[in-house]
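Report on the structure given below.
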Amino acid sequence: MQTPVPTAGQHAIPSYLQADHLGPWGIYLQQVERVTPYLGHLARWVETLKRPKRILIVDVPIEMDDGRIAHFEGYRVQHNLSRGPGKGGVRFHQDVTLSEVMALSAWMSVKNAAVNVPYGGAKGGIRVDPKTLSRGELERLTRRYTSEIGLLIGPTKDIPAPDVNTNGQIMSWMMDTYSMNVGATATGVVTGKPIDLGGSLGRVEATGRGVFTVGVEAAKLTGLPVQGARVAVQGFGNVGGTAGKLFADAGAKIVAVQDHTGSIHNASGLDVAALLSHVAERGGVGGFAGAEVMDSDDFWGVDCDILIPAALEGQITKDNAGRIKAKMVIEGANGPTTPEADDILNDKGVLVLPDVIANAGGVTVSYFEWVQDFSSFFWTEDEINARLVRIMQEAFAGVWQVAHEHKVSLRTATFIVACQRILHAREMRGLYP
Ligand code: GLU
């Protein structure tokens, strides 16, 4: 008799049982090692940062449209709650692992502290390719997952938000499921909701706007004119698409774009508005008429001034970092640069604006959404954007100063600022009991 081959997400060996020492969590631990010498007396508490406070692994069974019962692995990790409730997105992706969710939750702790929003760090995920599910299956998966992590989440406990492959519709199902379980409409349990359900104006564009804001600040400080700058973007969704549009509106030229559907370039600058409509219609940049197709690996060596990785982690590696011609890399994605690549870029004099500050615009407007939900008083888009820009500019200026004071990279400087805030809170609170 033939043994049926297990498929991912159903009966395969759970990823958390597989050794993953060099995965994203390992990278995060290296980053903590680098910051430890700068923590002074707070280094006494550094072990706190090396262990997530809580890890919840859940089995998410759902009935598929054809009557089969499928099981998916879900996670919610609360890395640190010293400064406030857990905060961070939920991603649906076939490659999600515990190591990845742990690292992403830790980067949320750092990011939230770096921009000084009153949250700890958390992250969640389901190991699933949502493109293979029907809408009904996706809804059942989301609801069952929300119910399973209901032990941890809540408006004052841990507040999920969108991340890779999750959006306002998924947040609506999460909000509804949690609300049904507690018997009251609890809008503040998730952020990134549609406007009619207590969402915030400007939230969808917030991460891209933050990427643009820190990019402009760094360009001013290094004397790189944004007007006429050549920009290459990887990922043209929420983050890369918005950042690309804002750079183009400021007079930059978007010369190359890569996503999961293809890599395109146009040395005289792509028509960003047309490309955004093409992506909205076709789901990716592939097949766009106003550009030439390029080999996906050649994307990294494209002639440009600014490179914005805004897709997944682990994209800039020791194999392609040496070919990067950009003067500045702005990390729209979480963890797009491996530590070896980070060193190569640093040695080449490429300025890397790290994820933990560059993409913090999303969670900053999530914070505004949560505050608006609590007060049931909603702000105008201009107010939101102005507050976002102010927070990003101030946070970036602080990190820049620390980088120059200690002669360290902007990543290490952001970790210094953030880890000091987290560990100071930890110290002040003290150990219980
Ligand atoms: N998923 C986004 C991030 O990685 C946003 C998280 C949030 O808004 O809570 O920063």
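Atom set for the values below is all heavy atoms of this structure, side chains included, hydrogens, waters and symmetry mates excluded. Because the structure is a prediction, the values reported are computed rather than measured. All residue numbers refer to positions in the sequence shown, counting from 1. Start at 1 and go down the list; that is how both ligands and their atoms are numbered.
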| request: Would you mind reporting whether V352 and E331 have side-chain heavy atoms less than 4.5 Å apart? | output: yes
| field | Pair R143-T177, side-chain donor/acceptor within less than 3.5 Å | value | yes
| When you look for heavy atoms under 4.0 Å from ligand 1, do you find them on the side chain of N334, its backbone, both, or neither? | side chain
| request: For S366 and R203, test the side chains for any donor-to-acceptor distance below 3.5 angstrom and give the result as yes or no. | output: yes
| query | Counting heavy atoms only, which part of K123 comes closer than 4.0 Å to ligand 1: side chain, backbone, both or neither? | reply | side chain
| query | For ligand 1, is P162 a contact, meaning one of its heavy atoms is under 4.0 Å away? | reply | yes
| remark: A student checking ligand 1 against M108 at a 4.0 Å heavy-atom cut-off should list atoms 3 (C), 4 (O), 6 (C), 10 (O)
| For T191 and K87, does a side-chain donor sit closer than 3.5 Å to a side-chain acceptor? | yes
| message | Considering non-hydrogen atoms of the protein only, which is the closest contact for atom 7 (C) of ligand 1, and what is the distance? | response | A161 CB, 3.3 Å
| With atoms numbered from 1 as shown, which atoms in ligand 1 lie under 4.0 angstrom from a non-hydrogen atom of K111? | 3 (C), 4 (O), 10 (O)
| task | Using only heavy-atom distances, determine whether the side chains of T48 and N80 contain a donor-acceptor pair under 3.5 Å. | result | no
| request: Just jot down the ligand 1 atoms closer than 4.0 angstrom to any heavy atom of G88, in number order. | output: 9 (O)
| remark: Heavy-atom nearest pair, S409 first then A403, reads O-CB, 4.2 Å
| task | Ignoring hydrogens, just give me the one of V90, D163, V239 whose non-hydrogen atom is nearest atom 1 (N) of ligand 1. | result | D163
| field | Non-hydrogen side-chain atoms of L423 and E427 separated by less than 4.5 Å | value | no
| field | Min side-chain heavy-atom separation T207-N238 under 4.5 Å | value | no
| note | The protein heavy atom nearest to atom 9 (O) of ligand 1 is K87 NZ, 2.7 Å
| query | What are the atoms of ligand 1, with element, lying closer than 4.0 Å to any heavy atom of S366? | reply | 7 (C), 8 (O), 9 (O)
| Identity and separation of the nearest protein heavy atom to atom 5 (C) of ligand 1 | R203 NH2, 3.5 Å
